[in-house]
J.: 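Sharing a structure here in structure tokens format.
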There are 2 protein chains.
Amino acid sequence: MDSKIFNLKAKLEVYKAMTNGANFADCPVRDVIQGISGKWSSLLVMALAEKPYRFGELRRLVPDISQRMLTQTLHDLQRDGYVHREVFPTKPPSVEYSLTDLGRSMFDPLYHLVQWAELNHDAVRDARAAFNATQD
Amino acid sequence: MDSKIFNLKAKLEVYKAMTNGANFADCPVRDVIQGISGKWSSLLVMALAEKPYRFGELRRLVPDISQRMLTQTLHDLQRDGYVHREVFPTKPPSVEYSLTDLGRSMFDPLYHLVQWAELNHDAVRDARAAFNATQD
DNA sequence: AGTGCTGGTCTCTTTTTGAGACCACTCAAC
DNA sequence: GTTGAGTGGTCTCAAAAAGAGACCAGCACT
């Protein structure tokens, strides 16, 4: 099967799903995308894809997240079924966060996007520099 | 080549790129990801992937975006090199927005994520319902 | 002269985020 | 026994971002 034709067909399907027939409102895809497009969500999913982490470990791993946002983002990821939260009754109780099957299945496309970002951050940096130059 | 092994290898590469050697700070990948993970960015890129649109068309296409955020998001997308802005000197001057090559190349991984969202929004909805049930 | 369409900007309010203090608990060192 | 650090958070307040809506110049049509 020709990949280009496949892509065009698939694009149309997804586009229809997004537009929900002529408008973008009330679209479940938007709902899901917005849930994972938060400032810290993708970062935490990427981290937890490597291995489960405890709360404090994540805080040290992502030093510029506030404790408040770490709590809240993990809570949201748990609510949407991406992350599993397990409390271990150790002497100081420890809490471990890990990806669920759903979270792992999302890691795959997310990883493609991250890979793209890795390949293209130079182009983006150049575009920004060029754009800023025109603004002077 | 075994796809699983390839994925694991690639994961490690990207993980190293993201962690920048043991910490997530000062990471260009984060910079790029955050630029496209805004509330409206992915939506506009998806729309413009179909065909170029004018400002007013985008506003009608995405009815719940404020004019202010539409202006600003398009401006940011243009600054980062994803979107081209062209002014046509018609009687009321019209402005057309279209994807650049960089924007089109980003559409591909973004599209995978949207496709995943389309396939899994039921699971997310169920997870939310189940989670909310435990909170009662 | 009034109305509408173009692509915006400006101001104000509400929401989201960030910074940092605080908390109860436990363990280990002093 | 008392201090200090580590556990996973919550609470409060300030700053930043986003949403709502008025406003604007220019032109066309009526």
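Letters A, B, ... mirror the listed sequences (proteins, then strands); counts begin at 1.
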J.: Can you see which heavy atom on A/L48 is nearest to which on A/Y97, and at what distance?
T.: CD2-O, 3.4 Å

J.: Can you check the A/R60 CZ to D/dA5 C1' distance for me, whole Å?
T.: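 About 12 Å, once rounded to whole Å.
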
J.: Sort me out a list of protein N/O and nucleotides 23-30 of chain C N/O pairs below 3.5 Å, or just none if empty.
T.:
none

J.: Please find the pair of heavy atoms, one from A/A47 and one from A/L61, that lie closest to each other, and give the distance.
T.: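 What the structure gives for the nearest pair is CB-CD2, 3.9 Å.
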
J.: In whole angstrom, give the distance that lies between atom CG of A/L58 and atom P of D/dG6.
T.: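 From A/L58 CG to D/dG6 P: 17 Å.
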
J.: How long is the line joining CG of B/L70 and C1' of C/dG8, in whole Å?
T.: 10 Å

J.: Can you check side-chain hydrogen bond (donor to acceptor under 3.5 Å, both in side chains) on B/Y82 and B/Q78, steps first, answer last?
T.: CA-CA 6 Å; B/Y82 304 125; B/Q78 184 193 2; over 6 Å; no

J.: Hey, does B/R128 have a side-chain heavy atom less than 4.5 Å from the side chain of A/D80?
T.: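 Of all side-chain heavy-atom pairs linking B/R128 with A/D80, at least one is under 4.5 Å.
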
J.: Rounded to whole angstroms, how far apart are OH on A/Y53 and P on D/dT7?
T.: 15 Å

J.: I need the CG-P distance between A/D76 and D/dG9, as an integer number of Å.
T.: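 Roughly 14 Å, once rounded to whole Å.
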
J.: Return the 5'-most residue of the pair A/I65, B/V95 with respect to DNA chain C, ranking by each residue's nearest nucleotide.
T.: B/V95

J.: Is it true that B/F55 and B/V87 fall in one hydrophobic cluster, defined by side-chain heavy atoms closer than 4.5 Å?
T.: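 Yes; tracing contacts between hydrophobic side chains, which count when under 4.5 Å, links both residues.
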
J.: For nucleotides 10-18 of chain D, list the nitrogen or oxygen atoms of the protein found under 3.5 Å from its nitrogen or oxygen atoms, one pair per line.
T.:
unit_1 : atom_1 : unit_2 : atom_2 : d
D/dA18 : N7     : B/R68  : NH2    : 3.1

J.: Decide salt bridge (charged side-chain N to carboxylate O under 4.0 Å, His left out) for A/D64 and B/R30; before the verdict, give the C-alpha distance in whole Å, the side-chain angles of both, and the deciding distance to 0.1 Å.
T.: CA-CA 12 Å; A/D64 53 347; B/R30 273 182 67 184; 3.1 Å; yes

J.: If you look at every heavy atom in B/N132 and A/R79, which pair is closest and at what distance?
T.: OD1-CD, 4.2 Å

J.: Measure the distance from CG on B/D64 to P on D/dG19 and round it to the nearest whole Å.
T.: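 After rounding, the gap between these two atoms is 9 Å.
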
J.: Take atom CD of B/E96 and atom P of C/dG8, then tell me their distance rounded to the nearest Å.
T.: 13 Å

J.: Does D/dG6 have OP1 or OP2 under 4.0 Å away from a side-chain N or O of A/R59?
T.: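 The answer is no; no side-chain N or O of A/R59 sits under 4.0 Å from OP1 or OP2.
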
J.: Counting only side-chain N and O atoms of A/Y97, is one of them less than 4.0 Å from OP1 or OP2 of D/dG9?
T.: yes

J.: Looking only at heavy atoms, which two atoms of A/N120 and B/S105 are closest? And how far apart?
T.: ND2-OG, 4.3 Å

J.: Should B/H121 and A/D31 count as side-chain neighbours, where that means a heavy-atom distance under 4.5 Å?
T.: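 No, every pair of side-chain atoms sits at 4.5 Å or beyond.
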
